[in-house]
Amino acid sequence: MYIKLNLGKKCKGGVVHDLSRKEEHRIVDQRNHHFRILLCVHVPAVSKGGLESTETFRYWGSFVLILTLVSIVAHIIISIIFNIVFRITTGEKEPTFADELDKLIDLKAFRNSFFVFILGFLFAMGSLVIDQPSQVMFVILIASGFISDVTGSITKLYHYRKGV
Amino acid sequence: MGKNLVGNHIRKLRFNHNEMTQQQLADKVGVTRQTIVALEKGNYSPSLELAFRIAHAFNLSLEEVFFYGDNTKE
């Protein structure tokens with residue numbers, strides 16, 4: 001009971017009332033305490049911004065979706081242009097399959113790319129921990145996605161030139 | 001990146017086999033021409049399966065195509 005009241009004082013907004021009503025009908029156990037503590041910490045933080053926060057997330061959601069679509073289309077167009085230039089300059093077709101060397105290089109590129117993205121993801125989460133706005137988190141996430149992509153490409157280039 | 005210790009005589013063998021091109025060998029063993037280039041340059045050690053396929057393409061044993069050691073590399 002002490003914990004319940006104590007948490008109620010710390011929480012802001014209407015969330016506390018809902019939780020208190022639930023508590024009246026339930027036996028307080030340890031798991032519930034954990035759940036409430038998490039809600040009291042997180043829900044006010046999320047609802048603090050209200051509509052503005054929802055708009056922010058909607059904006060970034062649409063931004064990421066549009067960015068994904070644009071990058072897919074750009075990738076297709078660049079591949080087509082590259083194939084045409086490759087065909088003109090070398091006179092040979094680009095292989096339509098990936099052999100063991102390609103797969104090995106792809107794996108190494110994916111490993112490096114994934115490592116960079118995870119670092120970026122951790123930085124993004126870290127920005128939330130140090131009370132940076134959600135925009136900073138999204139910018140770091142998108143930037144890390146871009147840098148991880150570049151890292152993958154550079155890794156491929158390096159291994160194709162220097163060997164595996 | 002460590003030094004590749006598996007060497008091969010692929011380049012010499014290609015020319016001994018009616019001047020087989022890299023692309024022809026690549027098609028025969030099921031890899032890309034770039035992989036044959038990497039093998040000849042010594043930038044890549046093939047898997048055991050690919051090594052056997054290349055040896056079979058020349059009708060030779062594995063040891064006649066590939067060798068191990070940095071001193072004997074051509």
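Note that these values count all heavy atoms, side chains included, but never hydrogens, waters or copies made by symmetry. Within every chain, numbering begins at 1; the chains are lettered A, B, ... in the order of the sequence lines, protein sequences first and strands thereafter.
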Same cluster (ILVMFWY, side-chain, under 4.5 Å), B:L48 and A:V164
yes
Common cluster, A:V139/A:V136, ILVMFWY with side-chain heavy-atom separation under 4.5 Å
no
Identify which part of A:F97 has an atom lying under 4.5 Å from any heavy atom of chain B, answering side chain, backbone, both or neither.
both
Verify the cluster assignment for B:I36 and B:L13: are they in a single hydrophobic cluster under the rule of side-chain heavy atoms below 4.5 Å apart?
yes
Honestly curious: do B:V37 and B:F66 fall in one hydrophobic cluster under the side-chain, below-4.5 Å linking rule?
no
Taking a hydrophobic cluster as the set of Ile, Leu, Val, Met, Phe, Trp and Tyr residues connected by side-chain heavy atoms closer than 4.5 Å, whether directly or through intermediates, do A:Y160 and B:L50 fall within one such cluster?
yes
Taking non-hydrogen atoms and a cut-off under 4.5 angstrom, which of residues 14-33 of chain B neighbour chain A?
B:Q23, B:G30, B:V31, B:T32, B:R33
Which residues in residues 100-123 of chain A have any heavy atom lying under 4.5 Å from a heavy atom of chain B?
A:E100, A:L101, A:D102, A:L104
